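Just so you know, ligand 1 is whichever comes first in the structure, and atom 1 is the first atom listed for that ligand. These numbers were taken from a predicted model, which means no experiment stands behind them.
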Amino acid sequence: MEIHKNNRHSNFGSSAPNLVHRQTKASDTVINVNGIEIGGKEIVIIAGPCAVENREQLLETAKKVHSGGANILRGGVYKPRTSPYSFQGLGEEGLKYLSEARKVTGLPVVTEVMDTRKMELVCEYTDIIQIGSRSMHNFPLLKEAGKCRKPVLFKRGLMATIDEYLLAAEYILSEGNQEVILCERGIRTFENYTRNTLDLSVVPILKRQTHLPVIVDPSHGTGHSWLVPAMAKAAIAAGADGIMVEVHNKPLDALSDGQQSLYPEEFTQLVKDIEKIALAVGRKIYHFQPSPA
Ligand code: PEP
Ligand code: MN
């Protein structure tokens, strides 16, 4: 098909199944998570702390992002930290707090899994599994995610080309899980003013090349909370199906990524601004709020 021929340097061999490509499936994949559609007409907002730190922090932040317009709650319990001496996450205790936050707010939750041995446990607790940037090349983990029956929020590797990223996603689909949400979170370049360089051109490219939903994480993409609103709005203008942003009830006390975390009030304002951008590009924000169980 036209789209594939135009891809000037694809590593997809002509005999490869290419399950991620539009040539295989022309219609957009829409992923339904507890009634919230990701990849449909509406923009999805995922928000929450970088890490689940304790019960109070998570519940307070969850309630605030819920009232500010989030559709899905994020929070890491297994953290891929650069230093082994940094806070590594609460593990299963954190998963229990995420469950409680889901019950209180009604928001589905997404959390990262880094280790194949934890896949089953994380799947029991979460609505969406996150595979982080550092794990993009962890093929055994991708295969495990492909076998489980939960949608996968799959981040682009910090040094991955688009073809490498799509071939990694192919690992998940090839194991039988078609519910993959692609997420641009910035790539490493020579520029060090920002934590990463947020590659927004990847949004229309991925929307053209694949049928999968595409979201953008401007928090890790920039590393500075003051840059997050501008890049979140730009992502929606570029055609993203949603954003994932870090929000903390007390960013100055955060155990990880406080400098890139929005205050709840900033998040609430951002959602209002995104609503206007969404309308300008013929979309709207998802307003369906599942009622608490
Ligand atoms: C995260 O979202 O918590 C995270 C660690 O992001 P990334 O994998 O993009 O660094
Ligand atoms: Mn983070």
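- Using a 4.5 Å heavy-atom threshold, the side chains of Val247 and Pro49 count as separate.
- Atoms of ligand 1 lying under 4.0 Å from any heavy atom of Glu112, numbered from 1 in the order shown and given with element: 5 (C).
- Of the angles at the Mn ion (ligand 2), the one spanning NE2 of His220 and SG of Cys50 is 160° when given to 10°.
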Take Thr268 and Val65 through the test side chain to side chain contact (heavy atoms under 4.5 Å, CB included) and record every step on the way to the result.
CA-CA 7 Å; Thr268 303; Val65 297; over 6 Å; no
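- Of all atoms in ligand 1, numbered sequentially from 1 with element shown, those under 4.0 Å from a heavy atom of Arg185 are 7 (P), 9 (O), 10 (O).
- Residue-ligand proximity, Gly132 to ligand 1, at heavy-atom distances under 4.0 Å covers atoms 8 (O).
- What sits closest to atom 8 (O) of ligand 1 on the protein, heavy atoms only, is Ser133 N, 2.8 Å.
- Nearest N/O/S atom of Asp257 relative to the Mn ion (ligand 2): this is OD2.
- Nearest to the Mn ion (ligand 2), among the N, O or S atoms that Glu246 has, is OE2.
- In summary, of the residues considered (Arg185, Arg74, Lys155), a side chain to side chain donor-acceptor pair (under 3.5 Å) with Asp217 occurs for Lys155 alone.
- Here's the thing with Asp217: none of its N/O atoms is less than 3.5 angstrom from an N/O atom of ligand 1.
- For Arg81 and Gln88, the side-chain atoms include no donor-acceptor pair closer than 3.5 Å.
- Judged by distance alone, the side chains of His224 and Gln260 never bring a donor and an acceptor atom under 3.5 Å apart.
- With 3.5 Å as the limit, one finds no donor-acceptor pair spanning the side chains of Asp253 and His248.
- Residues Gly48 and Leu73 come closest through the heavy atom pair CA-CD1, 4.1 Å.
- Open room surrounds NZ on Lys284; 12 or fewer heavy atoms of other groups in view lie less than 6.0 Å from it.
- Near Arg134, the atoms of ligand 1 lying under 4.0 angstrom from a non-hydrogen atom of the residue are 7 (P), 8 (O), 10 (O).
- Numbered from 1 in the order shown, with element, the atoms of ligand 1 that lie under 4.0 Å from a heavy atom of Lys155 read 1 (C), 2 (O), 4 (C), 6 (O), 7 (P), 8 (O), 9 (O).
- The single protein non-hydrogen atom nearest to atom 4 (C) of ligand 1 is His220 NE2, 3.5 Å, given as residue, atom name and distance.
- For the pair Pro80 and ligand 1, a heavy-atom separation below 4.0 Å is found.
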